[in-house]
2 protein chains.
Amino acid sequence: MAPRKLKSVEPQPSPKRRQHKADAKAATAAPAKPRPLTRIQREKQDIILEAALEVFSAEGFRGSTIDQIAEVAGMSKPNLLYYFPRKEEIHRRLMSELLVTWLAPLEEMRADGDPFVEIRSYIRRKLEMARDFPRQSRLFANEMLRGAPHIVDMLEVDLKNLVDEKAQVLLTWMDQGKITRTDPYHLIFSIWATTQHYADFDVQVRAILGRGRGGEGRYEDAARYLEQLFLHGLTPKPRPGSKAPPAGGALD
Amino acid sequence: MAPRKLKSVEPQPSPKRRQHKADAKAATAAPAKPRPLTRIQREKQDIILEAALEVFSAEGFRGSTIDQIAEVAGMSKPNLLYYFPRKEEIHRRLMSELLVTWLAPLEEMRADGDPFVEIRSYIRRKLEMARDFPRQSRLFANEMLRGAPHIVDMLEVDLKNLVDEKAQVLLTWMDQGKITRTDPYHLIFSIWATTQHYADFDVQVRAILGRGRGGEGRYEDAARYLEQLFLHGLTPKPRPGSKAPPAGGALD
DNA sequence: CTAACATTTTTCCAACTGGTCAAAAATCTG
DNA sequence: CAGATTTTTGACCAGTTGGAAAAATGTTAG
């Protein structure tokens, strides 16, 4: 019995397989042609990637078959294999595109803006992504759950750098007394977690909210709630006519 | 660590497949013997379930093979199949046990306690579960990502009922002015999301925190941060000598 | 000790899956 | 339109996987 181990980091494309498309006989002095890529090729590849996103995000990489993807893409399996020589290749492409998309909202958080406006906007953007691109979110979550075998290195470099930079921005705001002093990394984690939750755990959210507030309104509710949470937490404002809330001392 | 199993809600064995063990020829008047379950059977089943948790949580259901589970469990595939006639059966058992474990922390939130203490304790418990039982968390997340095919009905009944009940508790606290008025359901979601994140997205968290704060201390940091978040959010307390924070108006 | 029963191992298989290949069909180019 | 090139298809294959059957090996009550 030979249980296949997951190889974590894919080394160079093993040269054992015949090259696809152009650059087949590239072993000369020329540093490999850039490969033109015809119009039809790009179109079909897009169709395939779209179909693969659909299937992968719903079934996971190993749970998906090329046949399924091909069917969703409206072509035969060998035909699909003509455009992407291996299943892994499709997944790789999807993942690298995904990471770029995923980093974008955080990049937009400007150091020179108003802290609360910036943070709120960031939360909004992430929430919108969860609402509008749930499949991408699930694909990403899937990869994380599996230990991110295909993108750990990118996480440790690109993602880490970006987060370090933004954490620095948050720290500056804290130094200026504009937001409360706390851990900037965990702050970012909590924004990720709370927003992506609505895509990744959608079934659960809908099961609990039921048909009432489970409709599309739930994203508006979520936005309102998260705003409250990140702005003031759960401590009630002292209302006119009442003493200071007795809850403060309970936790400090 | 040996995660103790709680009692599970065992669904009756589907009658479509040949019966295992005893009660093979039960087609008479007797309403099917309860099947005693020998000591060794229970032991082996536990070993198998533990191994299956390990494998399923790391590779997902379809990504796991019976061979892998059998190897981790230290037995042969057919031997494993002797205790669980089908792969699905193992998964089913795991899931139903899991749900019970998963609901427990929320159940402990007492209506007659101090709101902030109760909420903080709940967050702590969930965070501890993420730290101590990350595999269970990932197994659960996996099922959610897939649309929870095996437990939707339980979500819609058991989980929903529990959450409805606790949402009611939260609402009462809000009515009493003890915590700020906000959406109790999304409040619960945010606690789930922020805590489980540390188990499910562990790779990402560690990649970003690096070797510095990425060690075991991260759970303490997370606990501290989440306490701040849920208690006061990000609004800084006005410090002696400074005017009220200028941020308040930015969001309201 | 032995029959009855529980457990384990050996061998096997059919379905599925990722992938190949050559030939047919379609498309493009001059 | 002819020829070259690209795209599509059908047939096929080898490895894996879930699972069945049955034989072999314990285990235990009487």
Side-chain angles (χ1 to χ4, degrees), chain A residues 1-7 10 13-25 33 35-48 51-52 55-56 59-92, chain B residues 13-14 16-26 33 35-48 51-52 55-56 59-92:
Chain A
M1 207 70 43
R4 262 290 80 93
K5 290 296 178 222
L6 285 194
K7 39 190 177 230
E10 197 65 9
S14 51
K16 67 173 182 175
R17 182 156 294 289
R18 90 180 154 150
Q19 291 296 7
H20 229 50
K21 306 266 117 45
D23 78 357
K25 62 278 231 173
K33 281 236 194 80
R35 262 199 292 179
L37 239 296
T38 75
R39 172 189 54 85
I40 198 170
Q41 276 173 339
R42 221 164 350 190
E43 282 177 8
K44 293 278 173 140
Q45 286 192 0
D46 281 352
I47 292 177
I48 292 170
V55 178
F56 282 152
E59 317 272 354
F61 180 75
R62 295 215 45 193
S64 308
T65 72
I66 301 185
D67 275 308
Q68 278 178 86
I69 300 173
E71 193 187 335
V72 173
M75 62 183 74
S76 68
K77 177 169 67 167
N79 195 188
L80 183 150
L81 260 339
Y82 171 72
Y83 292 103
F84 289 89
R86 348 184 78 223
K87 188 185 173 188
E88 266 191 343
E89 206 58 44
I90 312 177
H91 191 256
R92 193 196 315 281
Chain B
S14 56
K16 66 173 181 176
R17 181 153 290 286
R18 85 162 166 163
Q19 292 299 3
H20 230 48
K21 308 266 120 35
D23 77 358
K25 63 280 236 174
K33 279 236 195 81
R35 262 203 289 181
L37 240 297
T38 74
R39 172 188 56 87
I40 199 169
Q41 276 174 338
R42 223 165 349 196
E43 282 176 8
K44 294 275 172 141
Q45 286 192 359
D46 280 353
I47 292 177
I48 292 171
V55 178
F56 281 151
E59 318 271 358
F61 180 75
R62 294 215 44 191
S64 307
T65 72
I66 301 185
D67 274 309
Q68 280 178 83
I69 300 173
E71 194 188 331
V72 173
M75 63 183 74
S76 69
K77 177 170 67 167
N79 194 187
L80 183 151
L81 259 342
Y82 170 71
Y83 292 103
F84 288 90
R86 348 182 79 225
K87 189 184 173 188
E88 265 189 344
E89 207 58 44
I90 311 178
H91 191 258
R92 192 195 316 278

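Since we're looking at a predicted model, the values are computed, not measured. Because only heavy atoms are used, hydrogens play no part in the values below, and waters and symmetry mates are left out as well, while side chains stay in. Labels below follow one simple rule: chain letters A, B, ... track the order of the sequence lines, proteins then strands, and each chain is numbered from 1.
Checked by distance alone, A:Lys77 brings a side-chain donor or acceptor within 3.5 Å of a matching partner on the base of C:dG18.
Atom pair A:Ile66:CD1 and D:dT8:C1' shows a separation of 16 Å (rounding to whole Å applied). Following rounding to the nearest Å, A:Lys87 (NZ) and D:dT16 (C1') show an atom-to-atom distance of 12 Å. Atom CG in B:Leu80 sits about 14 Å away from atom C1' in C:dT9, given to the nearest Å. Between A:Ile48 atom CD1 and D:dT8 atom C1' the separation is 12 Å, expressed in whole Å. Following rounding to the nearest Å, B:Lys44 (NZ) and C:dA6 (P) show an atom-to-atom distance of 16 Å. Taking atom CD of A:Glu71 as the reference point, atom C1' of D:dT9 lies 16 Å away to the nearest angstrom. Taking atom CD1 on A:Ile47 and atom P on D:dT7, their separation rounds to 13 Å, with Å as the unit. One interatomic measurement links the two molecules: CD of A:Gln41 to C1' of D:dT6, which rounds to 8 Å at whole-angstrom precision.
Applying the 4.0 Å criterion to OP1 and OP2 of D:dT9, one finds that A:Asn79 has a side-chain N or O inside that range. Residue B:Ser76 places no side-chain N or O under 4.0 Å from the OP1 or OP2 atom of C:dT8. Contact annotation: B:Tyr83 reaches the phosphate of C:dT8 (side-chain N/O to OP1 or OP2, under 4.0 Å).
Across C:dG19, D:dG19, C:dT17, the shortest atom-to-atom separation from the side chain of B:Arg62 is found for C:dT17. Checking C:dT7, C:dT17, D:dT8 against the side-chain heavy atoms of B:Tyr82 singles out C:dT7 as nearest.
In this structure, the separation between CZ on B:Arg92 and CZ on B:Arg86 is 8.5 Å, given to the nearest 0.5 Å. A:Leu80 CG to A:Gln45 CD: the interatomic distance, rounded to the nearest 0.5 Å, is 10.0 Å.
A 4.5 Å side-chain heavy-atom check between B:Ile90 and B:Ile66 finds every atom pair outside the cut-off. Put simply, the side chain of A:Glu88 reaches to within 4.5 Å of the side chain of A:Phe61, judged on heavy atoms.
Annotation: A:Glu71, atom CD; neighbour count of heavy atoms from other residues, nucleotides and ligands within 6.0 Å does not exceed 12.
Nucleic acid contact for A:Thr65: sugar-phosphate only, since backbone atoms but no base atoms lie under 4.0 Å from a heavy atom of the residue.
Each of A:Gln68 and A:Pro78 was assigned the nucleotide of DNA chain C with the nearest heavy atom; the assignment lying further toward the 5' end belongs to A:Gln68.
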